[in-house]
Amino acid sequence: IAQDSGRQFEKTYFSVAKAQGKEIKRTGRGSDFKERVGKGRWKLVELKTGKAKTSRLQNKTRKKVGKKNYSVVRPSFR
């Protein structure tokens, strides 16, 4: 069940980003998506729900690309 909410959040995030006109692509390892943030610049985005923690690979990827270019996004329910 927990994976289902994560996948649903990914679908929602992708749809909202596209609707806002952002260029967004699915990535293979270490993050969920990459978003264009400028001319030739991309930011890696990892989506997390609940109390999920980043994996060792995700932490390694974040360290490799730098904290400015990697963000962990959690759903905000208002």
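- In this view, E23 and K25, R36, W42 satisfy the side-chain contact (heavy atoms from CB on, under 4.5 Å) rule, not counting sequence neighbours.
- Residues that satisfy the side-chain hydrogen bond (donor to acceptor under 3.5 Å, both in side chains) test with S31, not counting sequence neighbours, are T27.
- Residues L47 and L44 fall into different hydrophobic clusters, defined by Ile, Leu, Val, Met, Phe, Trp and Tyr side chains chained together at heavy-atom separations under 4.5 Å.
- K63 is not listed as a side-chain neighbour of Y70, based on a closest heavy-atom distance of 4.5 Å or more.
- If you take CG on D32 and CD1 on I24, they are separated by 9.5 Å, rounding to the nearest 0.5 Å.
- Expressed to the nearest 0.5 Å, how far CZ of R29 lies from OG1 of T61 amounts to 7.5 Å.
- Shortest non-hydrogen contact noted between T49 and S5 is OG1-OG, 3.8 Å.
- Residue-environment remark: CZ (R41) stays at or below the threshold of 12 foreign heavy atoms within 6.0 Å.
- Taking hydrophobic clusters as Ile, Leu, Val, Met, Phe, Trp and Tyr residues chained together by side-chain heavy-atom distances below 4.5 Å, V73 does not share a cluster with V16.
- Of the residues listed (K34, E10, E35), the one engaging V45 in a side-chain contact (heavy atoms from CB on, under 4.5 Å) is E35, and it is the only one.
- Partners of K48 by side-chain contact (heavy atoms from CB on, under 4.5 Å), not counting sequence neighbours, listed by chain and number: E46, A52, T54, Q58, V72, R74.
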